[in-house]
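Report on the structure given below.
Values below: all heavy atoms of this structure, side chains included; hydrogens, waters and symmetry mates excluded.
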Amino acid sequence: MSEPLSPQYEPGAIEGPLFRDWEERGYFRADAARAIAGDADPYVIVIPPPNVTAVLHMGHGLNNTLQDVLTRWRRMQGREALYLPGTDHAGIATQNVVERLIATEGKTRDDLGREAFVERVWTFVDETGSTILQQLRAIGCSCDWTRTRFTLEPDLSRAVREVFVRLYEKGLIYRGNYIINWCPRCLTALSDEEAEPAETNGKLYHLRYPLSGHAPAGMPTLPDGRAYLVVATTRPETMLGDTAVAVHPEDERYQAIVGRQVALPLTDRLIPIVADSFVDPEFGTGAVKITPAHDPNDFEMSRRQNIPSLNVLTPDAHMNDDVPAAYRRMDRFDARKRVVKDFDAAGLLDRIEDHTHSVPHCYRCDTIVEPRLSEQWFVRMKPLAEPALAASRNGSVRFTPDRWTKVYDSWLENIRDWCISRQLWWGHRIPVWYCTAPGCGETIVAREDPTVCTKCGDATLEQDPDVLDTWFSSWLWPFSTLGWPDDTQDLKAFYPTNTLVTAPEILFFWVARMIMAGFEFMGELPFTDVYLTGTVRDTQGRKMSKSLGNGIDPLEVVNLYGADALRYTVVAGSGLGTDVYMDPGNLENTFSVGRNFANKVWNAGRFALMNIQASEVKSVADVESSLELADRWILSRLDAATEEVTRHLESFRFHEAAAAGYHFFWGELADWYLELLKPRLQGDVEQGSREAAEATLVAALDGILRLLHPVMPFITDALWRRLPRIAGDTAAASIMIASWPRSGIRRDEAAEAEMTALMELIGEVRTLRAEYNVAPGTPIAIHLHDVHETLDRALTAEGRALERMARVGTVERNAPAVAGAAGAHAVLRGGAELFIPLADIIDLAQERDRLQKELDRLSGMLKGTEAKLANEQFTARAPVDVIEREREKADNFRDQRDRLSSKLAALRS
RNA sequence: GGUCGCAUAGCUCAGCUGGUUAGAGCGCACGGUUCACAUCCGUGAGGUCGUAGGUUCAAGUCCUACUGUGACCACCA
């Protein structure tokens, strides 16, 4: 009926057309009206917007696959599922990319000017941006592409401005002179979160600062007779900006000189010695140089102590004009060397020690960050943090794995104000204007661009040159993307969202802030569940990154093995929030799990299609009375798999869900059921048996394909659409919109017990054949003793499987023991005995050894079990069913032991 | 310095509320070309569950300490 399928799964030909088909049919679109009308519960995931210039890496591959798994699963469950895509304008990152680009043309952003530069970035973004959204399609993401958003588009910019104004009016946004993290390469302020500390092997320089005036007794002196004290610093060049030296108020060594002055070397300045309890008398010499303009702690102290600040660095980290002429315009690291050299020459270099400390680096360009005193805009975070903290404490937002709750809580508990201004051009311009009319100086913060000063009416307004931190738009994402501040249908239908899946690296940057914004502007949490993924690492445990060049390109994997193989591999490989390890040097090895499984699924489907000619099969209900053991068994196992997959998805145990589907498909359906089915599909059997087989096979495939669809969307739909129709079923056009299977309706304990017994028997026969090197093609006879009822029924129903699956020629039940017969022997669970006469193949002595070994093993296990049962505390306290199980175990062991020893005795005679 | 995580087979990891003889994939060894699949099938070897204590009738699972390792936060200049 349909074209023959290739023996190997070829994803390339299938995925593209299938994805287009889904999109054309509108399966990705979420219907706000339906959700509002209550026809379907909404289920919403917003994508963590990737940088607009980003290209897909494995981190996205993991992240977005998990989001899509959840979305597809919920969609099949009948929810109105919305997976909302979009990108982030990524201020610094994007600006850096374009700056590098124009640098190849020999230009800087200043050459172009602000307007032209921003224009250039837009061109770049329009031309090459958003490729990642295409790439997400390639891995099968079922996003509602009609709702794609961009943080810098007009609607979202309006949300940003609304938020800025509201917070300003509430007094939660302020402008001030503070020490901030400054990137001398990006030439902008960074938030505390954007300055990433890295352990660095540096030096601790001990510098002698001469005291001015007379030398007190007991202090060391220089050759010229002046007393000196020693301060330690890791950044000697900053001494040019020192405005004080501090000691601890109770440090007896320095009591006498507090209040006196130091003649700051290399300069002609005199600076005071102050007492401040911030100083740790134990560290170094207990005396600290104070540089308020270039160190956060010194800055704090300078405010307490009323010490002036002196900025000695330019924005690009060169010495400025406020230092002695010899150092002006010098790079900070050159100046460091020079200062040290000059101290040494003046006999003021006490000593240099190795010193390991952490140094903050720019999270975008990795340049060493320079603390810098400057005027910036801040958000007062404490009031925003309170409801966000309460939400995690009262469990209304849940983190998975839940250990992240503590991390989240402690960040909020120690929340610090957020520096939101950036000295960039690419981003949301700060909606603040300053009136430059003489004597006015009014600051205007407005939703609409003002044309005249609200105070003096003058038109000489200047807008603040800075833009806002990228995250100042991202933190609004769950509602700005739905149309806020307007009261839209989408907002009504889809806010709050449900699950946020993201990397833990942006817990503070993004997740916590979204929760704060949700409460502040929507009065409600933006989502109820946060799933934090692991990190994708290489075989050496290093995080995959572009700069290390150890990344894996997901698209290369898609091209080689298909999106399903990629998806299955990342899902199966990631435990609950654990890191995922992949080998960039061996893609075949890394993704073979997914590739092989996809191929297995393909071939099992192919098998069914080749063996069922009809375009329609009966429903299982219609052939109920003709179902055979194997049929009832596989349907029962499918029911169990359905329950497991569903349960694991509910608790975000993606890997377990994947494993459950895998195990059912390969270990039960393919390895056993299909083998058992062959005679009934290919041989000459009764019509009823064949019909039951076909109905069951199609039902089983139908079910497991649905269970696998969220993880492997392409192959499951490709096969599902080709499956014969099930009579009476109003089949959907695609598995994507088919319903999620229900469980708890086809469990069959008896069938499972019988099949288990049969499978064990076949397994034992295979084991013994292999153990005794019986040629694979040689049919053998087996003897069975003490066949219990369960096994008996299984043999009656599916005895022919022994021939097919274990090359058993004849089965003799309760055959009389032939005295002296040598053979392979095994005792099955439930007490049945298996004997394979092997007189022509093995020698007796060998067999006796084996039996003896087996007997020893059994005796050991029996002893352990008996000891347990003899323990009065066990029998007194353990639950009845546990004791019962132990008893059965012991009885079992005892029986087996007795049989074994009599067998052994028989062999000896 | 503070907080949190991890330590189970050669490798990467499962093991959900303590309870049958601790599992999977890859790798390895042996054996397999009958028409779903060699991206396959069968069999096997390999684990004192990091160390030492403790709780319990029962511990890979709970508690404590230690060792190793990783992450995050705060940083002492």
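- At a threshold of 4.0 angstrom between heavy atoms, the contacts of Arg416(A) are confined to the sugar-phosphate backbone, with no base atom among them.
- Scanning atom types as modelled, one donor and one acceptor separated by under 3.5 angstrom connect the side chain of Arg807(A) and the base of U34(B).
- Residue Ala670(A) is classed as a base contact, given a heavy-atom separation below 4.0 Å to a base.
- For Phe508(A), taking side-chain heavy atoms from C-beta onward, the closest of the listed nucleotides G25(B), C26(B), C72(B) is C72(B).
- More than 12 heavy atoms of other residues, nucleotides or ligands shown are found within 6.0 angstrom of CZ on Arg253(A).
- The separation between Arg595(A) atom CZ and C40(B) atom C1' is 12 Å, rounded to whole Å.
- Rounded to the nearest 0.5 Å, atoms OG1 (Thr291(A)) and CG (Asp242(A)) are 4.0 Å apart.
- Per the geometry, CD belonging to Gln305(A) stands 20 Å off P belonging to A77(B), to the nearest Å.
- Rounded to an integer number of Å, the gap from CG of Leu701(A) to C1' of A36(B) is 11 Å.
- Here the nucleotide nearest the side chain of Arg653(A), chosen from G44(B), C4(B), G15(B), is G15(B).
- When the side-chain nitrogen and oxygen atoms of Gln8(A) are compared with OP1 and OP2 of C40(B), none of them lie within a distance under 4.0 Å.
- Distance from the side chain of Asn603(A) is smallest for A36(B) among the nucleotides C40(B), G15(B), A36(B).
- Side-chain atoms of Lys600(A) lie closest to C41(B) of the nucleotides C41(B), G44(B), A77(B).
- We find that CG of Asp671(A) is positioned 14 Å from C1' of U43(B), with the value rounded to whole Å.
- Across all strands shown, Glu675(A) has heavy atoms under 4.0 Å from base atoms, whether or not it also approaches the sugar-phosphate.
- Taking the centre of each ring, Tyr408(A) and Phe508(A) stay at or above the 6.0 Å mark.
- As judged by a 4.0 angstrom heavy-atom cut-off over every strand, His294(A) is placed among residues making no nucleic acid contact.
- Rounded to whole Å, the separation between the P atoms of C28(B) and U17(B) comes to 36 Å.
- Side chain of Glu656(A), nearest nucleotide from A14(B), U43(B), C72(B): A14(B).
- Taking the ring centroids of Trp602(A) and Tyr9(A), they lie under the 6.0 Å cut-off.
- Counting only heavy atoms from C-beta on, Arg766(A) has its side chain closest to G42(B) among C16(B), G42(B), C4(B).
- One interatomic measurement links the two molecules: CG of Leu674(A) to P of C40(B), which rounds to 15 Å at whole-angstrom precision.
- The side chain of Ser592(A) places no N or O atom within less than 4.0 Å of a non-bridging phosphate oxygen (OP1 or OP2) of G25(B).
- Using a 4.0 Å heavy-atom distance criterion, Val593(A) is classed as a sugar-phosphate-only contact.
- Annotation: G47(B) and G42(B) have their C1' atoms spaced 24 Å apart (nearest Å).
- His663(A) comes within 4.0 angstrom of nothing in the nucleic acid, heavy atoms only.
- The base of C16(B) sits with one of its N or O atoms less than 3.5 Å from a complementary donor or acceptor on the side chain of Arg647(A).
- No engagement by Arg235(A) is indicated, since no non-hydrogen atom pair under 4.0 Å with the nucleic acid exists.
- Of the options Val340(A), Leu204(A), Leu207(A), a side-chain contact (heavy atoms from CB on, under 4.5 Å) to Ile352(A) is made by Val340(A) and by none of the others.
- Contact annotation for Asn871(A): backbone-only contact, meaning every heavy-atom pair under 4.0 Å involves sugar-phosphate atoms and none involves a base.
- Ion pairing of Glu588(A) with Arg595(A) is present here, as a side-chain N (NZ or NE/NH1/NH2) and a carboxylate O approach within less than 4.0 Å.
- When heavy atoms are screened at a 4.0 angstrom cut-off, Ala604(A) is found touching base atoms of the nucleic acid.
- One interatomic measurement links the two molecules: CD of Glu196(A) to C1' of C73(B), which rounds to 13 Å at whole-angstrom precision.
- Backbone-only contact: Tyr662(A) has heavy atoms under 4.0 Å from sugar-phosphate atoms and none from a base.
- Listed nucleotides C37(B), A77(B), G5(B) differ in distance to Arg403(A); the shortest reach to its side chain belongs to G5(B).
- For the OP1/OP2 pair of A36(B) and a distance below 4.0 Å, the side-chain nitrogens and oxygens of Trp666(A) include no atom meeting the criterion.
- A stem is defined here as three or more consecutive Watson-Crick or G-U pairs, each with both distances under 3.5 Å; for RNA chain B these stems are B:1-7 with B:67-73, B:10-13 with B:23-26, B:28-32 with B:40-44, B:50-54 with B:62-66.
- Candidate nucleotides A74(B), A36(B), C4(B) were compared by shortest atom distance to the side chain of Lys406(A), and C4(B) ranks first.
- Note on Lys289(A): every side-chain N or O is 4.0 Å or more away from OP1 and OP2 of A77(B).
- Using a 4.0 Å heavy-atom criterion, one finds that Glu872(A) contacts no nucleic acid atom at all.
- The residue Ile290(A) sits apart from the nucleic acid: no heavy atom pair falls under 4.0 Å.
- Take the nearest nucleotide of RNA chain B for Gln873(A) and for His648(A): the residue whose nucleotide is more 5' is His648(A).
- Ionic pairing of Glu353(A) and Arg351(A) is present here: one or more N-O contacts between side-chain nitrogen and carboxylate oxygen are shorter than 4.0 angstrom.
- Side chains of Asp350(A) and Phe343(A) form no contact here, defined as non-hydrogen atoms less than 4.5 Å apart.
- Nearest to the side-chain atoms of Thr767(A) among the listed nucleotides U43(B), A77(B), A36(B) stands U43(B).
- In summary, Asp295(A) and Arg235(A) engage in a salt bridge, as defined by a charged side-chain N under 4.0 Å from a carboxylate O.
- For the C1' atoms, the distance linking A59(B) with G1(B) amounts to 34 Å, nearest Å.
- Among Val601(A), Asn603(A), Asn596(A), the one residue that satisfies the side-chain contact (heavy atoms from CB on, under 4.5 Å) test with Asn599(A) is Asn603(A).
- Phosphate contact (OP1/OP2 of G25(B), side-chain N/O of His655(A), threshold under 4.0 Å): absent.
- Separating the OH atom of Tyr561(A) from the C1' atom of C26(B) is a distance of 14 Å, rounded to the nearest angstrom.
- Rounded to the nearest Å, the gap between the C1' atom of U61(B) and that of C49(B) is 10 Å.
- Residue Asn589(A) places no side-chain N or O under 4.0 Å from the OP1 or OP2 atom of G27(B).
- Ring geometry for Tyr568(A) against Tyr662(A) counts as parallel: the plane angle stays under 30°, on a 0 to 90° scale with 60° as the upper cut.
- Distance check on atom P: A29(B) versus U69(B) gives 33 Å, rounded to whole Å.
- Which of C37(B), A77(B), C16(B) sits closest to the side chain of Thr233(A) comes down to A77(B).
- Summarising the geometry, the separation between CZ on Arg804(A) and P on G32(B) is reported as 21 Å, rounded to the nearest angstrom.
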